[in-house]
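Structure first, commentary second.
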Amino acid sequence: MSSEQPLPAPLPDPRHPVWYFPVTADDGEIVGYVWGDHTASEVGWARRAARSSRVRELEGKWAHEVFRAGQREAAPVVVVAGLARAKGAGAVVGASSKEVVEELARTVTEADDHRLPTQLSGADSDTWRELADAFDALTDEDRHVEWVGGGKQPNGTIHVAYPRYSEPLMRVCAALRAVGAVTPEYRWTEAPLPTPAPDGRITPAHAVRAATTVLVGERISEGMIADAAKDGLLDAIGASLRAWHVRRTLPTPPDPRRTPTP
């Protein structure tokens, strides 16, 4: 990143407006970033949006420590340098703004994309067969959602309309939950709803993200399932997950470099 410049430890050059360092868990996963803004006299914690659930406790501890450190009457450069001596802290780096750090915290890694489909590995063959059957049985009529119950009632009260979903559509949603496509491992409120590529396909990781967002989000904002059924997102989720399962269950081809044993 062109806006970043490595700075000497333990104190970075005060000429740079922002200093930050990554915080890493024992297994190498980056949990978040500690930053200090010299121009605004601020210290902050940018948690990584795609972090795994196993680092939740560590993330909470760092957030608390950064908050406490920020209450001290000390320059941000001093606070950051002090925190950088703790276990898991990386090298202090200078940046042009705290937005640079926040963008890093939004970055999704290959490890993140690999982790989400593993939530599907616990489902048995019958559960996957039910997912396939549910999608195969879904018709255009089943995908059509009628909104009912809205308008002003005779007693003057206003009722909010709600979607009436077909049983086959609800069967699909239940099957997605059963295979593990809805998971707390993905914090759906911290990222936008994934969408398929122009060819209509979506990666398995994005399929899990989209399924979680749509099905959990429906409880808060009714109609998300209706939108996903109408614009093709629901079908893209199903196709992606079914293809992932097929690839996973295929036998591993023999290594041509190995000599067959007589």
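Note that the numbering runs from 1 along the sequence shown for the chain.
Leu120 contributes atom CG, which lies 8.5 Å from atom OG1 of Thr183 (distance to the nearest 0.5 angstrom). Once rounded to the nearest 0.5 Å, the distance linking OG of Ser166 with CG of Leu138 reads 6.5 Å. Distance CG/Leu104 to CD1/Ile30: 8.0 Å, rounded to 0.5 Å. The OG atom of Ser125 lies 5.0 Å from the CZ atom of Arg129; values are rounded to the nearest 0.5 Å. A distance of 5.5 Å separates CH2 in Trp244 from OG in Ser121, rounded to the nearest 0.5 Å. With rounding to the nearest 0.5 Å, the separation of OG1 in Thr39 from NZ in Lys98 is 9.0 Å.
Within 6.0 Å of atom CZ in Arg68, 12 or fewer heavy atoms from other residues, nucleotides or ligands are found, so the atom counts as exposed in its surroundings.
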Carefully, step by step, assess Val92 and Tyr20 under the rule side chain to side chain contact (heavy atoms under 4.5 Å, CB included).
CA-CA 5 Å; Val92 178; Tyr20 72 93; over 6 Å; no
Test side chain to side chain contact (heavy atoms under 4.5 Å, CB included) on Arg171 and Glu130 and set out the steps.
CA-CA 9 Å; Arg171 179 188 178 191; Glu130 167 60 14; 2.8 Å; yes
Checking side chain to side chain contact (heavy atoms under 4.5 Å, CB included) for the pair Leu83/Phe21: CA distance, chi angles, key distance, verdict?
CA-CA 9 Å; Leu83 291 169; Phe21 62 84; 3.8 Å; yes
Stepwise, does the side chain to side chain contact (heavy atoms under 4.5 Å, CB included) test hold for Trp35 with Val80?
CA-CA 7 Å; Trp35 58 267; Val80 170; over 6 Å; no
Ring pair (Phe, Tyr, Trp, His ring centres under 6.0 Å) between Trp19 and His38, worked out
CA-CA 8 Å; Trp19 314 277; His38 174 68; 5.7 Å; yes
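In this structure, Lys61 pairs ionically with Glu57, as a charged nitrogen and a carboxylate oxygen lie closer than 4.0 Å. A salt bridge is defined here as a Lys NZ or Arg NE, NH1 or NH2 lying under 4.0 Å from an Asp or Glu carboxylate O, and Asp231 with Arg143 fails to meet this definition. Look at Glu29 and Arg54 and you find a salt bridge, because one of the NZ, NE, NH1 or NH2 atoms lies within 4.0 Å of a carboxylate O, short of that distance.
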Identify all side-chain donor-acceptor contacts of residues 216-227 below 3.5 Å with residues at least two apart in sequence or on another chain.
residue	atom	partner	partner atom	Å
Glu218	OE1	Tyr165	OH	3.1
Glu218	OE1	Gly223	N	3.1
Glu218	OE1	Met224	N	2.9
Glu218	OE1	Ile225	N	2.9
Glu218	OE2	Tyr165	OH	2.9
Glu218	OE2	Gly223	N	3.2

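Side-chain atoms of Ser97 and Glu99 form a donor-acceptor pair, as typed in the model, at a separation below 3.5 Å. Glu59 and Trp45 are linked by a side-chain donor-acceptor pair at a separation below 3.5 angstrom, with hydrogens and angles left out of the test.
Residues Leu233 and Met170 fall within the same hydrophobic cluster, defined by Ile, Leu, Val, Met, Phe, Trp and Tyr side chains chained together at heavy-atom separations under 4.5 Å. Val108 and Ile237 are not part of a single hydrophobic cluster, where members link through side-chain heavy atoms under 4.5 Å apart. Taking hydrophobic clusters as Ile, Leu, Val, Met, Phe, Trp and Tyr residues chained together by side-chain heavy-atom distances below 4.5 Å, Trp188 does not share a cluster with Val55. Linking ILVMFWY residues whenever their side-chain heavy atoms come closer than 4.5 Å, directly or via other members, places Val78 and Trp62 in the same cluster.
At least one donor-acceptor pair under 3.5 Å links the side chain of Thr107 to the backbone N or O of Glu103. For Thr213 (side chain) and Arg209 (main-chain N/O), a donor-acceptor pair under 3.5 Å exists by modelled atom type.
Contact record, Val79 with Ala69: CG1-CB, 3.5 Å, taken as the closest heavy-atom pair. Of all heavy-atom pairs between Arg247 and Pro204, the closest is NH2-CG, 3.7 Å. Between Leu241 and Ala207 the shortest heavy-atom distance is CD2-CB, 3.6 Å. Annotation for Val145 and Pro163: closest pair CG1-CB, 3.6 Å, computed over non-hydrogen atoms. Summarising the geometry of Asp142 relative to Ala137, their closest heavy-atom pair is OD2-O, 3.6 Å, with the distance given to 0.1 Å. Looking at every heavy atom in both residues, Ile202 comes nearest to Pro194 through CD1-CB, 4.4 Å.
Partner Tyr33 forms a side-chain contact (heavy atoms from CB on, under 4.5 Å) with one of Val23, Val66, Val93, Val101 and no other, that one being Val101. Screening Asp235, Asp133, Asp136 for a salt bridge (charged side-chain N to carboxylate O under 4.0 Å, His left out) with Arg242, the sole residue that qualifies is Asp136. Applying side-chain contact (heavy atoms from CB on, under 4.5 Å) to Asp112 and the options Arg115, His114, Glu110 leaves one that passes, Arg115.
The ring pair (Phe, Tyr, Trp, His ring centres under 6.0 Å) search around His245 returns Trp128, not counting sequence neighbours.
Side-chain contact between Thr24 and Val31 is absent, with no heavy-atom pair separated by less than 4.5 Å.
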